[in-house]
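Read through the structure below, which is laid out as structure tokens, and then see the notes.
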Amino acid sequence: MKFQNVKGTRDFYPPEMAVRNWLVGKWREVSQRHGFEEYDGPALEYLDLYVAKSGEGIVSELYHFEDRGGRALALRPEMTPTLARMVAARANALPKPIKWFCVPNFFRAERPQRGRLREFLQWNIDIIGAPEDRTDLADAECISVALDLFEQLGLTTEHVEMRISSRTVFAEILSTLKIESDRHPLIFNVLDKRGKIPPEVFDAELAKTGLNETQRNTLNEMMSVRGDEAFSQVEAILGPSAKSDSSCAQLKSVLNALKEQDDRKALDYCVFDPSVVRGLDYYTGIVFEAYSTGDVRRAICGGGRYDNLLAEMGGGHLSGVGFGMGDVVLGEVLEECGLIPGLTESVECYVATEIAEKIPDVWTIVNILRRQMKQSCIFSYKAGSLKKQFQQAAQHRAEFCIIVGPSLAVKHMATGRQIDLDLPSNLHTGSAQKMLREELSKTFATLKQSDT
RNA sequence: GUGAGCGUAGCCCAAUUGGUUAGAGCACCGGGUUGUGGUCCCGGGGGUUGCGGGUUCGAGUCCCGUCGCUCACCCCA
């Protein structure tokens with residue numbers, strides 16, 4: 001084999017493409033039900049767009065090159081900069097809140113490993129410009145979209161959980177612990193690693209940021225519990241400042257909104273988990289990650305509130321919340337849970353003949369079916385044994401097989417029932433074609449009825 | 001970029017531990033039976049054992065290199 005696909009990319013043969021289309025279809029369906037509009041941007045952007053958001057360090061992580069005009073371009077590694085750019089360009093003209101989604105492919109120049117490729121699809125959901133005093137509802141709606149998707153895919157609370165935390169709660173805790181806010185980003189960065197490194201290493205890393213033992217222990221204890229217990233811990237740490245307008249209350253109101261849904265099922269997926277921090281500096285409010293409860297360890301999706309990002313990228317002061325969900329990890333989880341359906345492409349008709357001289361008639365009938373009757377239709381280019389052609393018809397999940405011989409026969413593949421029709425001697429007259437159409441329609445209907 | 005494991009047919013795997021001409025199954029193509037279908041039977045194409053070198057009378061098997069894949073680290077938008 002001389003050529004192969006580029007490392008970290010995938011070939012989608014028809015069976016894989018069917019699964020991909022199925023998944024993307026679910027993403028679209030759920031997005032639209034929640035009132036999100038689809039958009040897209042270019043796969044190529046100026047390299048500077050990403051440097052502006054993430055710093056020079058990002059350059060080694062993405063595919064970039066110089067075009068013939070000397071411009072530094074990059075293949076998009078994420079959507080947020082493009083989204084910010086697009087929103088900024090029409091910030092005043094777009095009705096708020098802006099609720100957009102997209103399902104683009106992204107490229108990252110990383111070493112592929114489990115759940116991570118160099119090209120992948122990612123569903124992006126964003127709500128921008130929600131009223132500042134009701135961002136809790138935007139947060140809840142955003143999370144609700146993800147949970148609805150899980151339900152649509154058959155992923156239950158047995159399979160996945162949504163871990164929710166809040167950067168503002170953390171900020172308040174750090175302030176209570178007398179840690180200046182300019183050190184918060186550095187500390188968040190360490191806190192984010194907590195689940196991935198041994199406890200001693202974690203403690204040492206925290207110590208490096210200048211936290212004393214009491215501060216470290218307080219954070220560690222709080223991050224080791226979840227749910228109501230975590231709320232108690234947080235409230236204990238915050239003490240008298242944990243009032244109704246506190247960050248903690250805001251987080252609770254997001255969870256409450258999810259609870260208010262009619263079936264209350266959404267909340268069952270969710271848990272307050274202070275160990276969720278997220279690695280990005282721009283998050284300003286709630287942060288959340290969905291995880292499989294099974295063997296797949298990576299996050300299925302992640303997101304949060306980013307109220308300053310748009311302004312930083314020149315988009316004016318607009319609140320924002322959103323998440324991304326990649327197809328790779330999700331696909332692995334679905335596979336593991338046996339939730340990927342059998343998706344064989346099917347056609348409505350197969351036209352067969354044993355007689356070589358009838359091939360022109362086959363071709364004519366195929367065209368009548370396709371062009372006049374709008375039926376999907378395939379046939380064999382060569383006359384041959386009916387056995388073989390039936391096998392092909394069955395392989396393609398044809399609903400009907402039309403056999404052209406001295407006369408016509410229509411066979412219903414599911415039941416094996418067969419009805420004979422006359423074959424007009426000249427298929428090229430309008431009246432013959434009209435008659436054939438009517439006969440075929442009637443026969444299809446009859447055979448379908450007998451099925452039920 | 002760092003480390004580890006693995007490379008035999010399109011796919012999943014064999015090959016008596018170094019011994020003749022590298023084999024099955026699935027898939028694909030062709031033929032036959034059931035006289036018009038997913039069964040069964042027969043046949044066929046397809047491999048320089050990733051590639052290159054070395055040790056040996058002899059290498060798919062051992063050694064070195066290289067490429068590729070996978071997993072982990074880094075990073076995670």
Side-chain angles (χ1 to χ4, degrees), chain A residues 1-11 13 15-16 45 49-55 57-63 74-84 104 106-118 120 122-124 126 188-189 192-193 195-198 201 277-283 287 289 295-304 306 309 313 320 322-326 328-329 332 344 350 352-354 380 382 384-405 409-420:
Chain A
M1 197 61 123
K2 192 159 186 186
F3 294 108
Q4 58 180 56
N5 63 324
V6 172
K7 185 205 284 266
T9 65
R10 290 169 289 178
D11 294 325
Y13 288 87
E16 289 90 54
E45 291 274 11
L49 180 70
Y50 303 112
V51 174
K53 184 202 160 210
S54 309
I58 197 69
V59 174
S60 65
E61 308 280 305
L62 41 78
Y63 286 100
L75 288 173
R76 62 183 171 196
E78 61 162 323
M79 207 59 191
T80 310
T82 301
L83 173 65
F106 293 123
F107 302 86
R108 295 181 186 174
E110 296 173 303
R111 199 118 168 202
Q113 57 186 283
R114 181 137 202 227
R116 273 177 101 171
L117 298 172
R118 288 180 170 175
F120 56 95
Q122 194 181 75
W123 180 39
N124 286 265
D126 287 278
F188 282 143
N189 222 302
D192 182 51
K193 293 182 188 164
K196 304 171 199 161
I197 56 181
V201 181
V277 181
R278 309 274 305 148
L280 290 132
D281 288 342
Y282 62 67
Y283 286 118
V287 284
E289 288 175 342
D295 289 340
V296 182
R297 288 268 164 240
R298 307 189 84 84
I300 297 169
C301 81
Y306 49 89
L309 184 64
M313 300 207 59
F323 68 83
M325 186 182 295
V328 183
V329 175
E332 282 173 8
T344 312
Y350 187 101
T353 189
E354 290 183 292
S380 171
K382 283 177 72 179
S385 73
L386 284 180
K387 172 196 169 71
K388 224 193 127 201
Q389 294 181 76
F390 278 125
Q391 282 176 354
Q392 279 189 21
Q395 268 178 355
H396 287 92
R397 312 272 155 177
E399 188 173 13
F400 299 105
C401 194
I402 295 161
I403 303 120
V404 182
V410 179
K411 185 184 175 77
H412 192 224
M413 296 297 282
T415 56
R417 248 193 90 195
Q418 190 170 318
I419 292 177
D420 291 322

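For the numbers below, each heavy atom of this structure counts, side chains included, while hydrogens, waters and symmetry mates do not. Chain identifiers are assigned alphabetically (A, B, ...) following the order of the sequence lines, protein sequences preceding nucleic acid strands; residue numbering begins at 1 within each chain.
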Where the side chain of A/Ala394 is concerned, which of B/C76, B/G38, B/G31 is the nearest nucleotide? B/G38

Could you check A/Lys53 against A/Arg397 and say which one's nearest nucleotide on RNA chain B is further toward the 5' end? A/Arg397

Can you check the distance between B/C29 and B/C75, where both ends of the measurement are the C1' atom (answer in whole Å)? 49 Å

What is the distance, to the nearest angstrom, from the CG atom on A/Asp192 to the P atom on B/C76? 8 Å

Sidechain-backbone polar pair: A/Arg118 side chain, A/Glu110 backbone, donor-acceptor under 3.5 Å: yes

Tell me whether the OP1 or OP2 atom of B/C28 has a side-chain N or O from A/Gln395 closer than 4.0 Å. yes

If I take atom CZ in residue A/Arg298 and atom P in nucleotide B/C76, what distance separates them, rounded to the nearest angstrom? 12 Å

Using a 3.5 Å cut-off on both pairing distances, which stems of three or more Watson-Crick or G-U pairs include RNA chain B? B:1-7 with B:67-73, B:28-32 with B:40-44, B:50-54 with B:62-66

Strictly by modelled atom types, are A/Glu45 and A/Tyr50 linked by a side-chain donor-acceptor pair under 3.5 Å? no

Side chain of A/Gln391: nearest nucleotide among B/G38, B/C76, B/U36? B/G38

What is the distance, to the nearest angstrom, from the NZ atom on A/Lys388 to the C1' atom on B/G30? 8 Å

Looking only at heavy atoms, the pair that brings A/Pro104 and A/Asn124 closest together is CD-ND2, 3.8 Å

Electrostatic pair A/Glu289-A/Arg278, nearest N-O below 4.0 angstrom: yes

Could you pull out the closest heavy-atom pair between A/Val277 and A/Phe188, with the gap in Å? CG1-O, 3.5 Å

Rounded to whole Å, how long is the line connecting atom CZ of A/Phe107 with atom C1' of B/C76? 18 Å

Same-atom distance (P) from B/G37 to B/G32, integer angstrom: 14 Å

Touch check for A/Gly416, heavy atoms < 4.0 angstrom, all strands: base, sugar-phosphate only, or nothing? base

Nucleotide B/G38, atom C1' - distance to NE2 of A/His412 in whole Å: 16 Å

Atom CD of A/Glu289 and atom P of B/C76: how far apart are they, to the nearest Å? 12 Å

Pick the P atom in B/G60 and in B/C71, then give their distance to the nearest Å. 30 Å

Rounding to an integer number of angstrom, what distance separates B/C69 and B/G50 when you compare their P atoms? 15 Å

Only one of A/Gln389, A/Met413, A/Lys411 clears side chain to side chain contact (heavy atoms under 4.5 Å, CB included) with A/Tyr350; which? A/Gln389

Under 3.5 Å, which protein N or O atoms sit close to an N or O of nucleotides 66-71 of chain B? Give each pair with its distance.
residue, atom, partner, partner atom, Å
B/G68, O3', A/Gln4, NE2, 3.3
B/C69, OP2, A/Lys7, NZ, 2.7
B/C71, OP1, A/Arg114, N, 3.4
B/C71, OP2, A/Arg114, N, 3.1

Testing the basics here: between A/Arg298 and A/Gly115, what is the closest heavy-atom pair and its distance to 0.1 Å? CD-CA, 4.1 Å

Kindly assign one of parallel, tilted or perpendicular to the pair A/Phe107 and A/Tyr63, based on the angle between their ring planes and the thresholds 30° and 60°. perpendicular

Side chain of A/Met413 - closest among B/G37, B/U33, B/C75: B/G37

Would you mind calling B/U17 syn or anti? Take O4'-C1'-N9-C4 for purines or O4'-C1'-N1-C2 for pyrimidines, and syn is within 90° of 0. syn

Provide the distance between the two P atoms, one in B/G7 and one in B/G46, to the nearest whole Å. 26 Å

In whole Å, I'd like the distance from the CZ atom of A/Phe188 to the P atom of B/C76. 15 Å

Would A/Tyr306 and A/Asp281 count as having a side-chain donor-acceptor pair, cut-off 3.5 Å? no

CD of A/Gln389 versus P of B/G30: gap in Å, rounded? 11 Å

Rounded to whole angstrom, note down the P distance from B/C76 over to B/A15. 45 Å

Give, for atom NZ of A/Lys387 and atom OG of A/Ser385, the distance between the pair rounded to the nearest 0.5 Å. 7.5 Å

Residue met sooner reading RNA chain B from 5', once A/Leu386 and A/Glu110 are mapped to nucleotides: A/Leu386

B/A27 versus B/U36 - spacing of their P atoms, nearest Å: 23 Å

Under 3.5 Å donor-acceptor pair, A/Gln418 side-chain atoms to B/U36 base atoms: yes

Less than 4.0 angstrom from a charged side-chain N to a carboxylate O is my criterion; do A/Arg114 and A/Glu332 meet it? yes

Side-chain N,O (A/Lys411) to OP1/OP2 (B/G37) below 4.0 Å: no

Taking the P atom in each of B/G3 and B/U66, what is the distance between them to the nearest angstrom? 12 Å

